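See structure below.
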Amino acid sequence: MRLTDYFLPTLKEDPAEAQIVSHRLMLRAGMVRQSAAGIYSWLPLGLRVLRKIEAIVREEQNLAGAIEVLMPTLQPADIWRESGRYEDYGKEMLRITDRADRDLLYGPTNEELITQIFRDNVRSYKQLPCNLYHIQWKFRDEIRPRFGVMRGREFLMKDAYSFDIDEASARLAYQKMFVAYLRTFARLGLRALPMAADTGPIGGDLSHEFIILADTGESEVFCHADLLDRPAPEPDYSADLDAVIAPFTSLYARTDEKHEPQIFEAEVSADKQVMARGIEVGHIFYFGQKYSEPMQCRVTGADGKEVAVYGGSYGIGVSRLVGGIIEACHDENGIVWPWAVAPFQIGLINLKPGDAKTDKLSERLYKTLTHKGLDVLYDNRDERAGGKFSDMDLIGLPWQAVIGPRGAVAGEIEVKNRKNGDKQTLDFGAACALLAEPPSD
RNA sequence: CGGGGCAUGGCGCAGUCUGGUAGCGCACCUGGUUUGGGACCAGGGGGUCGCAAGUUCGAAUCUUGCUGCCCCGACCA
């Protein structure tokens with residue numbers, strides 16, 4: 001993409017309304033603009049990141065056997081009355097009335113809707129297990145939205161819903177999502193720690209929050225240091241998942257609300273105690289027959305008897321992750337995107353547009369890299385060098401390729417690693433080879 | 001929802017206390033000089049001062065009401 005053809009409104013100064021670093025950087029890097037409290041428009045650069053995250057989430061869901069659907073943002077109130085949550089949900093739920101005075105709501109979540117779809121279409125245990133997910137915008141009328149897209153009222157979420165014939169198979173569905181989540185966050189360039197979470201009225205051990213560590217995190221977390229270097233499991237969903245998950249669930253890891261200092265002290269030696277702040281980016285939850293009972297979601301079992309299905313739900317805050325990743329990946333000059341979610345992998349700076357040699361070499365590099373399937377943002381603007389460098393650092397593309405009039409004469413390209421600042425001057429072939437791969441730390 | 005704060009050009013702000021017809025920096029446009037980490041000179045465009053009533057000869061400024069946004073707290077992916 002040539003920058004002169006793009007829409008990238010960067011800001012030199014920090015907008016007054018943004019407090020935390022990810023919010024400031026997202027506004028300054030031209031990724032989002034606020035429309036109303038907790039409601040954002042996604043500009044081209046931000047949308048690219050959102051889509052990349054979405055794609056990785058989708059791939060891993062599919063790999064784990066979940067099937068994608070798409071449910072609407074607006075839902076009829078009746079099914080919420082059926083589950084009993086229309087009254088329970090309170091003012092967080094945005095209620096809307098249409099022209100015929102029918103009660104609608106902007107979905108804060110989709111258990112009711114998916115349960116309705118499932119019960120109307122599935123009659124037999126033979127069609128189980130089943131896990132349906134979608135990636136859709138939600139709305140929760142938060143009392144106090146803040147932190148930019150990390151705590152917005154409108155947010156993009158992946159939510160999956162599993163349906164099983166009994167508790168044992170529901171547990172397996174849960175474990176699959178557990179593995180998928182570990183893999184998803186690892187691929188996004190994040191270290192997300194599964195932490196025991198509140199299971200609500202159901203009880204048991206089947207609820208985990210996935211937390212990424214960041215100083216600006218909303219909750220305090222306590223865990224065993226070894227958890228930090230556990231590699232994500234392979235996507236072998238026919239393996240013994242108990243064993244796959246055990247390394248993650250056996251170590252102490254809790255948020256402040258579940259934290260018990262005595263147990264922490266007893267289970268984790270002093271040199272392994274990690275106390276930090278974290279951002280919740282995913283939550284998986286087993287809820288059994290909570291919705292299937294009141295909503296008559298039943299299938300016939302092998303024994304001919306009807307049973308209400310056992311369910312679980314599994315959320316990932318896709319739009320929140322954009323902010324979360326920035327919280328975890330930035331420095332004083334701007335964002336430092338992980339390779340997998342970077343809006344472009346390479347920022348190409350032509351230091352002197354109009355100079356025949358720099359133009360020619362820049363164009364050649366731009367085309368060569370683009371033809372390799374790489375996403376290149378080519379800064380061909382007639383701006384001063386300083387502004388170009390600053391903008392490029394701000395938007396945080398992993399690689400920067402700088403071509404100036406002096407180097408162009410010799411056919412040289414200066415390649416900078418955004419993360420560690422390493423610069424090297426390379427000839428065309430070497431530059432192309434280097435830029436095609438993720439930079440090393 | 002309780003407490004605090006803000007609202008003046010695209011962004012950041014001054015002016016409000018003490019009423020006199022709106023200003024600064026950045027950005028933008030034109031011309032020139034510049035050109036490897038946010039240049040300089042000259043000229044220029046752009047503002048119903050959040051909205052509505054009121055007080056006054058006169059309101060960005062004072063009064064009342066409303067709206068929006070931000071921060072702290074209780075709640076959430």
Side-chain angles (χ1 to χ4, degrees), chain A residues 9-20 23-24 27-28 30 33-39 53 57 89-93 107-110 135-160 181 185 192 197-198 200 207-212 217-219 255 257 278-285 313-324 332-334 349-355 358 379 381-394 400-408 412-414 416 421 423 425:
Chain A
T10 57
L11 303 172
K12 201 192 291 194
E13 292 173 272
D14 283 329
E17 78 261 22
Q19 302 297 314
I20 63 163
H23 191 195
R24 283 204 301 268
L27 291 167
R28 287 191 53 209
R33 287 294 182 262
Q34 179 166 307
S35 301
I39 301 177
I53 294 172
V57 169
Y89 221 94
K91 296 191 118 185
E92 275 208 350
M93 185 152 77
T109 178
N110 289 64
I135 299 174
Q136 177 63 290
W137 293 92
K138 309 275 188 290
F139 193 92
R140 291 182 194 170
D141 200 355
E142 295 277 344
I143 295 166
R144 189 182 160 209
R146 61 184 121 173
F147 304 147
V149 298
M150 296 228 294
R151 258 294 274 294
R153 293 143 93 200
E154 189 184 47
F155 54 96
L156 186 63
M157 183 175 167
K158 186 285 301 183
D159 41 331
Y181 275 38
F185 296 122
D198 250 322
S207 180
H208 286 87
E209 292 178 5
F210 286 76
I211 305 260
I212 57 175
E218 291 189 80
S219 43
T255 61
E257 35 187 43
I279 300 164
E280 183 183 351
V281 289
H283 197 162
I284 59 179
F285 201 90
S313 66
Y314 316 91
I316 290 180
V318 176
S319 51
R320 165 178 283 192
L321 271 166
V322 180
E332 63 281 3
N333 294 318
I349 297 178
N350 179 344
L351 280 177
K352 194 169 185 183
D355 177 271
T358 58
D379 190 349
R381 294 175 303 172
D382 186 17
E383 293 286 333
R384 302 183 65 79
K388 294 187 169 201
F389 289 133
S390 298
D391 270 350
M392 206 54 94
D393 284 347
L394 174 63
Q400 293 175 13
V402 180
I403 295 178
R406 291 198 283 276
E412 286 172 345
I413 295 158
E414 186 177 290
K416 175 178 152 183
K423 291 177 189 171
T425 301

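Values below: every heavy atom of this structure, side chains too, minus hydrogens, waters and symmetry copies. Bear in mind that the values here come from a model prediction, so they are computed numbers and not experimental data. Within every chain, numbering begins at 1; the chains are lettered A, B, ... in the order of the sequence lines, protein sequences first and strands thereafter.
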| field | A/Asp393 and A/Gln400: side chain donor to acceptor below 3.5 Å | value |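 Looking only at side-chain atoms, A/Gln400 and A/Asp393 do form a donor-acceptor pair, the distance falling under 3.5 Å.
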| task | Starting from the 5' end of RNA chain B, give me the residue, A/Ala385 or A/Glu280, whose nearest nucleotide shows up first. | result |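 That would be A/Ala385.
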Roughly how many Å apart are [M] and [N], using the [atom1] atom of each and rounding to a whole number?
| N | M | atom1 | result |
| --- | --- | --- | --- |
| B/G46 | B/U30 | C1' | 15 Å |
| B/G73 | B/C66 | P | 27 Å |
| B/G58 | B/G12 | C1' | 31 Å |
| B/A60 | B/U8 | P | 15 Å |
| B/C51 | B/G68 | P | 15 Å |
| B/G10 | B/C28 | C1' | 9 Å |
| B/A14 | B/A22 | C1' | 11 Å |
| B/U61 | B/C49 | C1' | 10 Å |

How many Å lie between [atom1] on [X] and [atom2] on [N], as a whole number?
| X | N | atom1 | atom2 | value |
| --- | --- | --- | --- | --- |
| A/Met93 | B/C76 | CE | P | 16 Å |
| A/Arg151 | B/A77 | CZ | C1' | 10 Å |
| A/Asn333 | B/G37 | CG | C1' | 10 Å |

Strand partner of [N], provided both Watson-Crick or wobble distances fall under 3.5 Å:
| N | value |
| --- | --- |
| B/C11 | B/G25 |
| B/C75 | none |
| B/C57 | B/G20 |

Is it the case that the base of [N] and the side chain of [X] share a donor-acceptor contact (distance under 3.5 Å, atom types as modelled)?
| X | N | result |
| --- | --- | --- |
| A/Arg146 | B/C76 | no |
| A/Asp14 | B/G12 | no |
| A/Glu414 | B/G36 | yes |
| A/Glu13 | B/G10 | no |

Touch check for [X], heavy atoms < 4.0 angstrom, all strands: base, sugar-phosphate only, or nothing?
| X | answer |
| --- | --- |
| A/Gly387 | base |
| A/Glu142 | base |
| A/Asp159 | nothing |
| A/Gln34 | sugar-phosphate |
| A/Lys138 | nothing |
| A/Ala18 | nothing |
| A/Gly152 | base |
| A/Gly315 | nothing |

| message | Given A/Asp159, which partner from the list A/Gln136, A/His283, A/Lys138 fulfils the side-chain hydrogen bond (donor to acceptor under 3.5 Å, both in side chains) test? | response |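 The side-chain hydrogen bond (donor to acceptor under 3.5 Å, both in side chains) with A/Asp159 is passed solely by A/Lys138 among A/Gln136, A/His283, A/Lys138.
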Quick one: is [N] close enough that its OP1 or OP2 comes under 4.0 Å of any side-chain N or O from [X]?
| X | N | answer |
| --- | --- | --- |
| A/Arg144 | B/C75 | no |
| A/Arg384 | B/U35 | no |
| A/Lys388 | B/G37 | no |

| Residue A/Ser390, side-chain heavy atoms: nucleotide from B/A77, B/U34, B/G37 that is nearest |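 Within the option list, the nearest is B/G37.
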Any side-chain heavy atom of [X] within less than 4.5 Å of one from [Y]?
| X | Y | answer |
| --- | --- | --- |
| A/Tyr181 | A/Ile284 | yes |
| A/Met157 | A/Val318 | no |
| A/Ile39 | A/Gln34 | no |

| message | Quick check on side chain to side chain contact (heavy atoms under 4.5 Å, CB included): which of A/Val402, A/Thr10, A/Asp379, A/Asn333 does A/Met392 satisfy it with? | response |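 The option that passes is A/Asp379.
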| query | Ignoring hydrogens and geometry, is there a side-chain-to-backbone donor-acceptor pair from A/Tyr314 to A/Lys158 under 3.5 Å? | reply |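 Not a single qualifying donor-acceptor pair exists.
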| said: With the criterion set at under 5.5 Å between ring centres and under 30 degrees between planes, would B/A77 be stacked on A/Phe155? | reply: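 Stack criterion met.
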